[in-house]
Protein chains: 2
Amino acid sequence: MSLRHAILGLLTFQPMSGYALKTRYFDCSIAHFWPADQAQIYRTLQSLEAEGLAESHTVVGETRPNSRVYRITQAGQAALSEWLGVAQPLVTQKDSFLVQLYFGRLISRDQILAVLRARRAEHARLQDYYQRLDLPPGDSPMMRRQARFGGLTLDFARRRETMMLDWLDASIAEVEGWSEGQV
Amino acid sequence: MSLRHAILGLLTFQPMSGYALKTRYFDCSIAHFWPADQAQIYRTLQSLEAEGLAESHTVVGETRPNSRVYRITQAGQAALSEWLGVAQPLVTQKDSFLVQLYFGRLISRDQILAVLRARRAEHARLQDYYQRLDLPPGDSPMMRRQARFGGLTLDFARRRETMMLDWLDASIAEVEGWSEGQV
DNA sequence: CGCGAATATATGACAACACATATATGATTC
DNA sequence: GAATCATATATGTGTTGTCATATATTCGCG
């Protein structure tokens, strides 16, 4: 249910079209911890409207194609607040890389090291991305409050990438220490 | 596709029934980073057999119900090795809690603190679980090699929980420092 | 003027997954 | 003897998500 509530949350910034929501808001924030493609977002907006949590009207574009601008309703705000106040159950994070590593004994030491190093490179790239990423300072009281919470989630991403790199470095060193015959 | 390969991997330990696979192996290992319910595992075993990656025969149980014992085939071993050798694409980890936190400004400081503290308690429980969890020492060369790779994934889980608790403690302290009027 | 890029929305098809439920056997417990 | 638990497998169904594809407009470039 997170995508529904994430979209309702973004609509609290201002009413907007699916396109603006995805390209100007979603992809720069929520997508870092709850990615979704265009089809999913458009369908979710339709479903939100069908349930009365959002409403839309067509805006005639003079310089662009017409767009359908969505606005959160009172019912939508109530549903969002309700959801935000209840602790979500902890869900096990799925990671196919850990499945690969768990069965590392089934391939050669060089092969598993190559997979580990490729993973390290990906996370180094991500760490760099999150280090450079900075949040818009906020030009209104609302956006300044928003920036604080955005800062918490960004802090999480940075800590996670640091932890990942530490663990990958330790794992690579450990596997390198295992003689080929033992692997 | 991870579940398919995880199941093939478990079948390399020994041929076994869906029930044994789930309760004696899957839930104690793979489920920590790729959970799946009974229905999903049984259907995946059927699909693996349909593709020739596993084969099964019925074992008549004298003291229990009959069971269908699956064995990995040559083709299955080949498919598994193939998959293990290729680095899987990095997938964004979805976390509904981060969605909640990102929109923390929409509820009261006390409410978001309650959600943060509930999350902290969950991760403290998980950390305790992973600290106590120890892998079977391995009674054969294969299982000793297996224990090494299992150790790497366990190390990851422990580091992740430590990072989570550090971040949650820092976030709780930070939010506590924000005056209610500002939140 | 044609072409591609950016803007904008929508749907079909399928895979993966979660949750519920159905069924059956044999052992243990009260 | 009835109830319950552990063992064991199977399927129905709805939701979510992914990927591909279709369609339409306007702008800028060569």
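All chains are named by letter (A, B, ...) in the order of the sequence lines, taking the proteins before the strands, and each is independently numbered beginning at 1.
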With no hydrogens and no angle check, is any side-chain donor or acceptor of B:S47 less than 3.5 Å from a backbone partner on B:R43?
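Flag not set: sc B:S47 to bb B:R43 has no pair under 3.5 Å.
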
Using a 4.0 Å cut-off on heavy atoms, which residues in residues 4-22 of chain B reach DNA chain D? List them by number, or say none.
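Result for residues 4-22 of chain B: B:S17, B:G18, B:Y19, sorted by number.
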
Rounded off to whole Å, could you give me the [atom1]-to-[atom2] distance for the [X] and [N] pair?
| X | N | atom1 | atom2 | answer |
| --- | --- | --- | --- | --- |
| B:M1 | C:dA15 | CE | P | 10 Å |
| B:R64 | D:dC5 | CZ | C1' | 14 Å |
| A:Y70 | C:dA8 | OH | P | 14 Å |

Where along residues 23-58 of chain B does a heavy atom come under 4.0 Å from DNA chain C, residue by residue in number order?
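Within this stretch, B:W34, B:D37, B:A39, B:Q40, B:R43 sit under 4.0 Å of the strand.
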
Tell me whether [X] is salt-bridged to [Y], with the criterion being a basic N under 4.0 Å from an acidic carboxylate O.
| X | Y | result |
| --- | --- | --- |
| B:R160 | A:D95 | no |
| B:R120 | B:D169 | yes |
| B:D166 | A:R159 | no |
| A:E122 | A:R119 | no |

Here's a test of your reading of the structure: between A:N66 and B:V69, which maps to the more 5' nucleotide of DNA chain D?
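Per heavy-atom nearest nucleotide, the more 5' residue is B:V69.
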
Under 4.0 Å: is that the gap between some side-chain N or O of B:T63 and OP1 or OP2 of D:dT7?
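No, outside the criterion.
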
Cation-pi, A:W178 ring and B:R148 (6.0 angstrom, 45 degrees):
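Yes; both conditions hold, so B:R148 lies above the ring face of A:W178.
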
CA sep, side-chain torsions, deciding dist, call: A:H5, B:Y102, ring pair (Phe, Tyr, Trp, His ring centres under 6.0 Å)
CA-CA 11 Å; A:H5 297 101; B:Y102 185 79; over 10 Å; no

Should we say atom CD of A:E176 is surrounded by more than 12 heavy atoms from elsewhere, each under 6.0 Å from it?
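Counting other residues, nucleotides and ligands, CD of A:E176 exceeds 12 neighbours.
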
For the side chain of B:L3, starting at C-beta, report the closest nucleotide among C:dC17, C:dA16, D:dT25.
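The answer is C:dC17, which lies nearest to the side chain.
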
